[in-house]
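Worksheet for the structure shown next.
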Amino acid sequence: MTKKDNVEKIEEPKLTDLPGIGPAVASKLESAGICDLMSLAVTSPSQLADIAGVSTGVARKAIQAARKMLDLGFVDGLEYAKKREDVINIATGSKNLDELLGGRGIESRAVTEAFGAYGSGKTQLGLTLAVNVQLPVEKGGANGKAVFIDTEGTFKPSRVKQIAQNIGANPEKVLKNIFVARAFNSDHQILLLEKISDIINNGEPIKLLIIDSLTAHFRAEFTGRGQLADRQQKLNRYLHNLIRLAEQYNLAVYVTNQVMANPAMMFGDPTSPIGGHVLGHASTYRIYLRRGKKDSRVAKLIDSPNLPDNETIFFITSAGVRDE
Ligand code: GTP
Ligand code: MG
């Protein structure tokens with residue numbers, strides 16, 4: 001039997017093949033536009049729970065199952081294992097934060113989004129990662145270089161040198177291994193993404209892409225209510241390109257995002273990330289950063305399909321992100 005015959009014999013799994021998804025839930029999903037495993041696999045647990053009227057626990061299980069089935073459908077087991085094998089990790093500088101993200105910091109083939117208020121540490125985490133990616137693997141790095149797309153003029157060479165110096169790396173060398181570009185508007189930001197392939201194809205071992213901030217230009221350029229749909233569409237396209245880049249070149253992607261006040265919310269924390277569900281879908285790991293007691297920062301993992309929603313504490317020090 002040829003490989004092709006073999007493939008044709010496998011029927012495509014249906015929504016109702018997933019745990020916790022019966023015909024009634026499936027029809028709710030279908031009317032919300034989630035008709036196949038792929039669209040379900042890229043939904044967040046809380047959104048799926050909302051749409052389907054099931055608990056987030058059930059939603060999370062269904063998403064996990066959908067992802068598993070899809071992976072098996074597209075590549076054989078050996079290929080899948082190999083793909084996972086070359087996932088790289090970059091330590092954040094804080095063991096606590098690394099743990100929150102599954103044990104080894106941020107990972108390649110994934111988008112990690114940090115959102116939070118002014119001064120919550122989003123940029124500082126990005127700068128620390130840009131240094132750490134250059135460390136050898138046994139020190140939590142990836143022996144690689146970083147690209148930093150700066151939309152707000154927050155890339156500070158002197159701060160990078162300080163972080164490098166304080167973790168025992170050569171400041172000049174570290175700085176030389178970070179490719180920085182200032183994006184002046186959202187179109188420019190989109191254009192810069194294409195340039196990254198060029199840099200990599202030129203032989204540069206880029207392992208980390210930082211976009212600080214992912215959303216600021218989009219937010220500033222599409223202001224009125226009537227423009228929201230356009231903005232989301234453009235952002236959506238951008239995010240898909242970002243994910244493709246991460247997959248294609250085995251890159252870790254770290255993006256920052258602002259929060260907006262949500263006046264409709266009376267209890268709890270009245271802030272939510274810009275970008276709404278579009279960004280919620282695209283980010284593999286989403287962490288909410290805020291200031292804590294005594295100069296600490298609190299990081300909370302939000303809505304991860306693979307990890308529990310935990311919270312942890314870290315500090316921003318002269319050596320960048322640290323546990324104390
Ligand atoms: P926005 O971009 O304004 O939304 O904020 P952000 O979340 O990017 O904040 P950022 O990462 O820039 O954090 C700024 C904070 O980091 C400052 O308020 C300081 O508390 C801390 N910080 C920045 N530089 C240093 C430094 O050199 N040493 C120490 N110890 N802390 C620093
Ligand atoms: Mg910042």
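Computed from a predicted model, the values in this text were never measured in an experiment. Atoms within each ligand, like the ligands themselves, are counted from 1 in listed order. Index from 1, following the sequence.
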Hey, is CG on D198 packed in by over 12 heavy atoms from elsewhere, all under 6.0 Å?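 Atom CG in D198 is crowded, with more than 12 foreign heavy atoms closer than 6.0 Å.
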
Using a cut-off of 6.0 Å, state whether more than 12 heavy atoms not belonging to H188 lie near its atom NE2.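 Enclosed: over 12 neighbouring heavy atoms sit under 6.0 Å from NE2 of H188.
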
Provide, to 0.1 Å, the distance between [atom] and the closest protein heavy atom, together with that atom's residue and name.
| atom | value |
| --- | --- |
| atom 4 (O) of ligand 1 | K122 NZ, 2.8 Å |
| atom 16 (O) of ligand 1 | Q124 CG, 3.5 Å |
| atom 5 (O) of ligand 1 | G119 N, 2.8 Å |
| atom 21 (C) of ligand 1 | I316 CG2, 3.8 Å |
| atom 27 (O) of ligand 1 | R159 NH1, 3.1 Å |
| atom 15 (C) of ligand 1 | R297 NH2, 3.5 Å |
| atom 8 (O) of ligand 1 | T123 OG1, 2.8 Å |
| atom 3 (O) of ligand 1 | Y118 CD1, 2.9 Å |

First locate atom CD of Q189, then atom CG of N185, and finally report the distance between them rounded to the nearest 0.5 Å.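 The CG atom of N185 is 8.5 Å from CD of Q189, to the nearest 0.5 Å.
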
Would [X] and [Y] count as having a side-chain donor-acceptor pair, cut-off 3.5 Å?
| X | Y | answer |
| --- | --- | --- |
| Q124 | R297 | no |
| S213 | Q258 | yes |
| R67 | Q64 | no |

Does a salt bridge link K95 with E324, judged by any charged N lying under 4.0 Å from a carboxylate O?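 Between E324 and K95 there is no salt bridge, as every charged N stays at least 4.0 Å from the carboxylate O atoms.
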
L301 side chain reached by T312 side chain, heavy atoms, under 4.5 Å: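 Contact flag for T312/L301 side chains = no.
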
Is there a side-chain contact between I287 and L125, using heavy atoms and a 4.5 Å cut-off?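 Sidechains of L125 and I287: in contact.
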
With I163 as reference, evaluate K161, R159, Q165 under the side-chain contact (heavy atoms from CB on, under 4.5 Å) test and give the passing residue.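 For I163, the side-chain contact (heavy atoms from CB on, under 4.5 Å) test succeeds with only one of K161, R159, Q165, which is R159.
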
Please indicate whether any nitrogen or oxygen in [X] is less than 3.5 Å from any nitrogen or oxygen in ligand 1.
| X | value |
| --- | --- |
| T154 | no |
| G121 | yes |
| G116 | no |

Any N/O/S atom, side chain or main chain, of Y118 closer to the Mg ion (ligand 2) than 2.8 Å?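 No.
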
Can you name the atoms of ligand 1, numbered from 1 with element, that are less than 4.0 Å from a heavy atom of Q162?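 This gives 27 (O) as the contact atoms.
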
Short list, please: which atoms of ligand 1 are under 4.0 Å from a heavy atom of A117?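 Those of ligand 1 that fall under 4.0 Å from A117 are 7 (O).
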
Region of K156 that comes within reach of ligand 1 [heavy atoms, distance under 4.0 Å]: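 Within the 4.0 Å criterion, K156 makes no contact with ligand 1.
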
Mind checking whether R291 contacts ligand 1 via backbone (N, CA, C, O), side chain (CB onward), both or neither, at a 4.0 Å heavy-atom cut-off?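 Under 4.0 Å from ligand 1, R291 contributes side-chain atoms alone.
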
